[in-house]
Amino acid sequence: MPELPEVETTRAGLAPHLLGRRVLGATLRRPDLRWPIAPEISTVLPGQRIDAVRRRAKYLLLDTAAGSALMHLGMSGSLRVLPAATPVRAHDHVDLALEPRHGEAGAVLRFNDPRRFGCVLWQAPGTLHPLLAGLGPEPLSDVFDGDYLFSLSRGRRAPVKTFLMDQSVVVGVGNIYAAEALFEAGIAPARAAGRVSRERYVALADAVKRILAYAITRGGTTLRDFISPDGAPGYFEQELSVYGRDGQACLRCGHGLRHAVLGQRATVWCARCQR
DNA sequence: AATCCCCCCTGTTAGC
DNA sequence: TGCTAACAGGGGGGAT
């Protein structure tokens, strides 16, 4: 499932193929994903040159002089650059035809999303799409640290795991990395966010940064459906400590890992190592 | 303002 | 073996 490392892996994989290249046309095989596909994808984007491939939170932006394509992979989405003649498969919802270059045949940027929780929207030049307003800081930025989490969490009664996954608090931390970071920081996921000390939030912020940065170097986590633009899986899943290990032994102390649902999300933790 | 909870969707898997 | 039902997950949005 695409969390920040998977989206960043996608961005880095796409950039060499897309930068400076023109979009020749768009093919929409479905009118809607999570929301209707923005009409500008068909009416404005063709003919434009891609000047930058950016990521904000779990969103990808393809910047052009006429505006930006804004995409989210949802939970099962993937973007791949393929030879133009590649046969269409199930759930290939959107194609952007790319101009030929290097004397090669043309290529296509293909958006595949079986569960259709993703989106392909449009951001006009000089504007901020409403979905991007109100997002918290990037976890790998200097703004995000233990003091920030401590200050923001005072008085909050929601579980610290729910707090950490709130995209208005910090972006990019989904269910997998929230569980892993809390394990590394030794904090019980169900503890009220407002009842975690400053010292422990410093450990948590550090754990989030370390885990996300490391997962990016591993190409993200491939559980069921994540795949990078070149078709390679991610390798971080082999290194998960708690996520998906319900009932197995804690790698640190051997205690059986516990499972509960917090904020509608499956949560696994070690009741001995995490308090 | 914070929190809760439902919902979108479909491939996979657990359970009968 | 074959079916059904639960489950997974990001995150918006309405209700509380």
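- Closest to the side chain of A:F117, from the set C:dG10, B:dT10, C:dA8, is C:dG10.
- Of the candidates B:dT3, B:dC6, C:dG10, the closest approach to any side-chain atom of A:A158 belongs to B:dT3.
- The nearest whole Å value for the distance from the CG atom in A:L70 to the P atom in C:dG12 is 11 Å.
- Under the 4.0 Å criterion applied to side-chain N and carboxylate O atoms, A:R115 and A:D113 are not assigned as salt-bridge partners.
- When distances run from any side-chain atom of A:R115 to the nucleotides C:dA8, B:dC5, C:dG11, the shortest one goes to C:dA8.
- In this structure, the CE atom of A:M165 is 5 Å from the P atom of C:dG10, given to the nearest Å.
- For C:dG10, the OP1/OP2 oxygens have no side-chain nitrogen or oxygen of A:H72 closer than 4.0 Å.
- By the 4.0 Å N-to-carboxylate-O rule, A:R56 lies close enough to A:E138 to be salt-bridged with it.
- Taking atom CH2 on A:W35 and atom C1' on C:dG12, their separation rounds to 6 Å, with Å as the unit.
- A:R34 comes within 4.0 angstrom of a nucleotide base, judged by non-hydrogen atoms across all strands.
- Distance CG (A:N175) to P (C:dA8): 9 Å, rounded to an integer number of Å.
- The six-membered or imidazole ring of A:Y59 lies near that of A:H72, with a centre-to-centre distance under 6.0 Å.
- Between A:R55 and A:E8, at least one side-chain N (NZ, or NE/NH1/NH2) sits under 4.0 Å from a carboxylate O, which counts as a salt bridge.
- Going from atom CG of A:L262 over to atom P of B:dT3 covers 14 Å, rounded to whole Å.
- In summary, the side chains of A:S78 and A:N112 do not present any donor paired with an acceptor at a separation below 3.5 Å, with no hydrogens or angles considered.
- The terminal axes of the helix from B:dA2-C:dT16 to B:dC16-C:dG2, fitted over 5 pairs per end, subtend an angle of 50° to the nearest 10°.
- Considering only the side chain of A:R116, B:dC9 comes nearest among B:dC6, C:dG10, B:dC9.
- A:R29 has no carboxylate O lying under 4.0 Å from a charged side-chain N of A:D92, or vice versa, which leaves the two without a salt bridge.
- Sorted by first and then second residue, the pairs that involve residues 161-172 of chain A and meet side chain to side chain donor-acceptor pair (under 3.5 Å), not counting sequence neighbours, are A:K161-A:N175, A:K161-A:T267, A:D166-A:S168.
- Using a 4.0 Å cut-off, no side-chain N or O of A:R157 falls inside it from OP1 or OP2 of B:dA2.
- Between A:D246 atom CG and C:dA8 atom C1' the separation is 14 Å, expressed in whole Å.
- At the heavy-atom level, A:F163 lies nowhere under 4.0 Å from the strands shown.
- With B:dG11, B:dC4, C:dG12 as the choices, the nucleotide that has an atom nearest any side-chain atom of A:Y59 turns out to be C:dG12.
- Here the side chain of A:H91 is nearest to one of B:dT3, B:dC5, B:dG11, namely B:dG11.
- C:dG12 atom P lies 11 Å from atom CG of A:L121, rounded to whole Å.
- Of the two residues near DNA chain B, A:R265 and A:D166, the one whose nearest nucleotide lies more 5' is A:D166.
- Taking 4.5 Å as the limit, some side-chain heavy atom of A:L164 sits within range of a side-chain heavy atom of A:L204.
- Taking atom CD on A:Q264 and atom P on B:dC8, their separation rounds to 15 Å, with Å as the unit.
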